[in-house]
Engineer: 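I am attaching a structure below and will ask some questions about it afterwards.
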Amino acid sequence: MRSDNVTKGVDRAPNRSLFYALGYTKEELEKPLIGVVCSYNEIVPGHINLDKIAEAVKAGIRAAGGTPVEFPAIAVCDGIAMGHIGMKYSLVTRDLIADSTEAMAMAHQFDGLVMIPNCDKNVPGLLMAAARINIPTIFCSGGPMLAGRLEDGRRTCLSHMFEAVGGYYAGKLDEAGVEEYENSACPTCGSCSGMYTANSMNCLTEAIGMALRGNGTIPAVWSARLRLAKHAGMQIMELVKKDIKPRDIMTPAAFHNAETVDMALGCSTNTMLHLPAIAHECGVELDLDLSNDISSKTPNLCHLAPAGDTYMEDLEGAGGVYAVMKELTKKGLLDTDVLTCTGKTMAENLEGVENLNEELIRPIDRPYSPDGGIAVLKGNLAPEGSVVKRSAVAPEMMTHSGPARVFDSEEEAISAIYAGKIQPGDVVVIRYEGPKGGPGMREMLNPTSAICGMGLGESVALITDGRFSGATRGAAIGHVCPEAAQGGPIALVEEGDMISIDIPSCSITLNVEENTLAQRKAKWVCPEPKVKTGYLARYAKLVTSAAKGAVLE
């Protein structure tokens, strides 16, 4: 076993003495050592229950003949970090999580790993680590939050909460109305209840083959989540026995499957950052052009919040991610020969699976739309690409042309929106918020929620080199590459320039003559870095384009 490096032979007597100091017995050290990477903390609602998940995982490991060894991973709550400097520290944790997990797993020579993440950056960060370490690994996330319920019986969620603030500034809600959302939007622990980034990535972990059925959809507060955790603990012992490693599972075909399921589910645009970053660790290249190719062939089958008014618990009741995949197989859109963490192929996993609610998961021949939930737009404003959640865009905003309203930070933009300075037809441009320019590529949920909450979601577009929360809806186009801090065309936009957006044609155009843009480029000077010390400064020096997944080099 790999753990023999720290437990076997006279030369390792000092190592064993330290295990004995921890209370481990000789008998425990003779079994495979399984690292249990737990993201529990007391600041993230999606992670407050992970201590219970870890205990269940460890029970499963012991039942199957292994010795569990728990160690932590950090997590940031994007919602609490939203709207201030804290959001600069969100995306950057993905690499801290991957790096620290690699260090712990390599230093202590575990035979296998069970990853217990839940929220936005923990899932991709731990998937990156799994690929990099490449020892038998399985995922068991903490599960989604239940939807909230207002006094009049309407269901609600975090995206409604953010939009309520915009409604307040527009005079549509008073403080009591905002407080009702505040007390109702997040009723339980778990990852926020819509198809936001955390739940998107937890669902795609099933689709890529690294988690058992239900990982993305069984609610955090259901006892079925604890049973899933125990089964994950048992299954890691099978993966160790058969020596099935992450890179055996996360193949090019598996990533293509994940992107296909992504388009069918209508996942968060952040998947366009995370899937390429995970693939990069596996030695697989995923470019944005491939995403559009997959999207063009993949019908959108689900409209969960923020695109619709259904939630993760509803998707679980309809058969979950497996039921979505089963629909996709009817048109041959998935490679079902791929190996998964069950030790079986996807085809074997999907035997007997049924779609239990054809209104929630549309049949493949009656989709919401014939193409996928995400589109990559290119043009002279975004030569390397930009990303929009097409399934959450109002029909009247699928094509739009309007004057640019230009802001060099999120704070400037949100002040203008709340002050009523944005008019129907405008195109809000927020720049210098990319991976380098932010630094950290903040989510623009506050501006987009303010626009929608003020009743402008069907008439105003927003374009940024930053990114969006999975809770964002509307004509919100992010990840504009190259970013402003790299001198990309978005840095050259001036107030009043006309911008044309054509989502069906996957194009985004700055309607300014090329010679005028060349003159502006000649005069452009990169602003001073916003952060000059600490981790963010180091991150800004190392991070690549969002088009490459914002990986570090």
Side-chain angles (χ1 to χ4, degrees), residues 37-54 56-57 73-82 90-91 93-94 97 115-127 139-148 155-162 185-207 210-222 224-226 228-229 232 262 265-271 273-274 302 304-307 310-317 320-321 443 445 468-472:
V37 190
C38 182
S39 303
Y40 168 79
N41 63 44
E42 295 182 346
I43 191 62
V44 183
H47 292 234
I48 191 68
N49 65 320
L50 296 190
D51 55 339
K52 309 297 189 298
I53 302 296
V57 164
I74 64 169
V76 162
C77 177
D78 280 13
I80 295 174
M82 195 73 66
S90 171
L91 178 61
T93 63
R94 186 185 71 182
I97 292 161
M115 307 291 202
I116 307 177
N118 210 28
C119 287
D120 298 31
K121 311 310 167 303
N122 293 78
V123 184
L126 290 177
L127 281 166
F139 276 65
C140 182
S141 299
M145 182 184 291
L146 296 179
R155 298 166 85 194
T156 189
C157 58
L158 185 64
S159 56
H160 296 167
M161 176 70 256
F162 275 94
C186 301
T188 72
C189 64
S191 48
C192 299
S193 55
M195 187 55 77
Y196 310 144
T197 305
N199 291 327
S200 294
M201 291 307 303
N202 284 323
C203 287
L204 296 186
T205 304
E206 284 188 59
M210 289 294 292
L212 300 177
R213 182 179 183 179
N215 181 73
T217 54
I218 297 173
V221 294
W222 287 8
R225 176 61 57 174
L226 296 178
L228 177 73
D262 186 342
L265 281 172
C267 289
S268 164
T269 53
N270 282 311
T271 62
L273 284 173
H274 299 324
C302 298
L304 286 91
T310 53
Y311 299 91
M312 297 306 296
E313 63 207 79
D314 304 317
L315 180 57
E316 168 63 15
V321 177
E443 290 184 344
L445 180 57
F468 297 112
S469 165
T472 290

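As the structure is a computational prediction, the values presented were derived from the model and not from experiment.
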Engineer: Donor-acceptor check, side chain of Ser200 to backbone of Ser268, threshold 3.5 angstrom: yes or no?
Structural biologist: yes
Engineer: Please report the closest heavy-atom contact between Cys192 and Leu158, naming both atoms and the distance.
Structural biologist: SG-CD2, 3.6 Å
Engineer: Any chance the side chains of Thr205 and Asn215 put a donor and an acceptor closer than 3.5 Å?
Structural biologist: no
Engineer: Is the closest side-chain heavy-atom distance between Met312 and Asn202 below 4.5 Å?
Structural biologist: no
Engineer: Test side chain to side chain contact (heavy atoms under 4.5 Å, CB included) on Asp314 and Arg155; report intermediate values, then the result.
Structural biologist: CA-CA 12 Å; Asp314 304 317; Arg155 298 166 85 194; 3.0 Å; yes
Engineer: Rounded to the nearest 0.5 Å, what separates atom OG in Ser193 from atom CG in Leu146?
Structural biologist: 8.0 Å
Engineer: Take Asn270 and Met201 through the side chain to side chain contact (heavy atoms under 4.5 Å, CB included) test and state the conclusion after the steps.
Structural biologist: CA-CA 9 Å; Asn270 282 311; Met201 291 307 303; over 6 Å; no
Engineer: With sequence neighbours left out, write down each residue that passes side chain to side chain contact (heavy atoms under 4.5 Å, CB included) with Arg213, or none if nothing qualifies.
Structural biologist: Glu206, Tyr322, Val353
Engineer: Give me the atom names and distance for the closest heavy-atom approach of Leu315 to Leu265.
Structural biologist: CD2-CD2, 4.0 Å
Engineer: Please tabulate, one pair per line, all N/O donor-acceptor pairs under 3.5 Å involving side-chain atoms of residues 44-53, not counting sequence neighbours.
Structural biologist:
unit_1	atom_1	unit_2	atom_2	d
His47	ND1	Ser39	O	2.7
His47	NE2	Cys119	N	3.0
Asn49	ND2	Gly142	O	3.2

Engineer: Among all residues two or more places apart in sequence or in another chain, which pass the side-chain hydrogen bond (donor to acceptor under 3.5 Å, both in side chains) test with Ser469?
Structural biologist: none
Engineer: Rounded to the nearest 0.5 Å, what's the gap from SG on Cys203 to CE on Met195? Could you check?
Structural biologist: 4.0 Å
Engineer: What's the shortest heavy-atom distance between Pro144 and Thr217, and which atoms?
Structural biologist: CG-O, 3.6 Å
Engineer: Under the side chain to side chain contact (heavy atoms under 4.5 Å, CB included) criterion, do Arg225 and Ser141 qualify, and how do the steps go?
Structural biologist: CA-CA 9 Å; Arg225 176 61 57 174; Ser141 299; 4.3 Å; yes
Engineer: For Thr472, which residues count as a side-chain hydrogen bond (donor to acceptor under 3.5 Å, both in side chains) partner, sequence neighbours excluded?
Structural biologist: Thr448
Engineer: Give the minimum heavy-atom separation between Tyr196 and Ala305, together with the two atoms involved.
Structural biologist: CE2-O, 3.8 Å
Engineer: What residues form a side-chain hydrogen bond (donor to acceptor under 3.5 Å, both in side chains) with Arg94, not counting sequence neighbours?
Structural biologist: His274
Engineer: What pairs with Glu316 under salt bridge (charged side-chain N to carboxylate O under 4.0 Å, His left out), at least two apart in sequence or on another chain?
Structural biologist: none
Engineer: Nearest heavy-atom pair of Phe139 and Ala211: which atoms, and what distance?
Structural biologist: O-CB, 3.7 Å
Engineer: Under the side chain to side chain contact (heavy atoms under 4.5 Å, CB included) test, which residues partner Thr269, sequence neighbours left out?
Structural biologist: Val387, Lys389, Phe468, His479
Engineer: Please identify each residue that fulfils salt bridge (charged side-chain N to carboxylate O under 4.0 Å, His left out) with Asp78, with sequence neighbours left out.
Structural biologist: Lys121
Engineer: For Thr310, give me all partners under side-chain hydrogen bond (donor to acceptor under 3.5 Å, both in side chains), at least two apart in sequence or on another chain.
Structural biologist: none
Engineer: Listed by chain and number, what are the side chain to side chain contact (heavy atoms under 4.5 Å, CB included) partners of Thr156, not counting sequence neighbours?
Structural biologist: Leu150, His160, Tyr181, Ser184
Engineer: Would you name the heavy atoms of Asn122 and Asn118 that are closest together and state the gap between them?
Structural biologist: CB-N, 4.3 Å
Engineer: Above 12 or not: heavy atoms from other molecules or residues under 6.0 Å from CD1 of Ile43?
Structural biologist: no
Engineer: Begin with the C-alpha distance, continue with both residues' side-chain angles, and end with the deciding distance and a verdict on side chain to side chain contact (heavy atoms under 4.5 Å, CB included) for Leu304 and Asn199.
Structural biologist: CA-CA 11 Å; Leu304 286 91; Asn199 291 327; over 6 Å; no
Engineer: Sequence neighbours left out, what passes side chain to side chain contact (heavy atoms under 4.5 Å, CB included) with Ala232? Give chain and number order.
Structural biologist: Ile138, Cys140, Leu212
